[in-house]
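Shown next, in structure tokens, is the structure this report addresses.
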Amino acid sequence: MDSFSSASSGSSSSTNDIMDQVKTQLTQAYAEQFLETVRDKCFDKCITKPGSSLSGSEGSCISRCVDRYIEATGIISKALFSQR
């Protein structure tokens, strides 16, 4: 029976390791998707004349746009996790 317990706990540890890896990969994928969305949306909204550098108003617009996306994501996350 001890060998079964050892095998069982080893399997549990292995399962936990796999779950941790999946969580890490999902977190990375979510972060990449978030950055891509923010980049695309904020660029389309704020950059009117692409050039070699940002104007002051473009830089301010991008900063505000990114801040709004981060804030909105936080609000949505809180709402989703509070329902559980």
Side-chain angles (χ1 to χ4, degrees):
M1 193 170 226
D2 286 340
S3 63
F4 179 73
S5 297
S6 296
S8 175
S9 67
S11 176
S12 177
S13 176
S14 174
T15 301
N16 288 339
D17 290 344
I18 292 170
M19 290 300 291
D20 287 344
Q21 289 175 355
V22 169
K23 286 178 187 177
T24 299
Q25 290 174 348
L26 286 172
T27 300
Q28 183 177 357
Y30 174 78
E32 289 173 5
Q33 182 64 40
F34 176 80
L35 290 173
E36 184 178 328
T37 299
V38 169
R39 183 191 64 225
D40 292 345
K41 299 286 184 183
C42 293
F43 183 89
D44 290 344
K45 178 179 175 28
C46 298
I47 309 299
T48 55
K49 299 176 190 170
S52 61
S53 63
L54 296 174
S55 69
S57 61
E58 289 172 335
S60 295
C61 179
I62 287 181
S63 180
R64 286 189 311 272
C65 181
V66 170
D67 288 345
R68 280 194 305 260
Y69 268 95
I70 291 171
E71 182 180 1
T73 300
I75 291 168
I76 291 167
S77 295
K78 283 181 185 178
L80 287 174
F81 290 117
S82 70
Q83 290 178 358
R84 290 183 180 190

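Each residue takes its place number in the sequence, starting with 1. Only heavy atoms go into these numbers, but all of them, side chains included; no hydrogens, no water, no symmetry mates.
E36 pairs by the side chain to side chain donor-acceptor pair (under 3.5 Å) definition with nothing, not counting sequence neighbours. Residues forming a side-chain contact (heavy atoms from CB on, under 4.5 Å) with L26 (at least two apart in sequence, or on another chain): V22. Q28 is linked by a side chain to side chain donor-acceptor pair (under 3.5 Å) to E32, counting only residues two or more places apart in sequence or in another chain. Applying the side chain to side chain donor-acceptor pair (under 3.5 Å) test to S57 and every residue at least two apart in sequence or in another chain returns S55. For L35, there are no side-chain contact (heavy atoms from CB on, under 4.5 Å) partners at least two apart in sequence or on another chain.
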Could you pull out all donor-acceptor pairs under 3.5 Å where a side-chain atom in residues 41-52 meets a protein atom, sequence neighbours excluded?
none

Just distance, no hydrogens or angles: give the donor-acceptor pairs under 3.5 Å from side chains in residues 63-80, sequence neighbours left out.
unit_1 : atom_1 : unit_2 : atom_2 : d
T73    : OG1    : Y69    : O      : 2.8
S77    : OG     : T73    : O      : 2.9

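In this structure, M19 stands alone, with no Ile, Leu, Val, Met, Phe, Trp or Tyr side-chain heavy atom under 4.5 Å from its own, directly or through other members.
Here the closest heavy-atom approach between residue L54 and residue E58 is recorded as CA-OE1, 3.5 Å.
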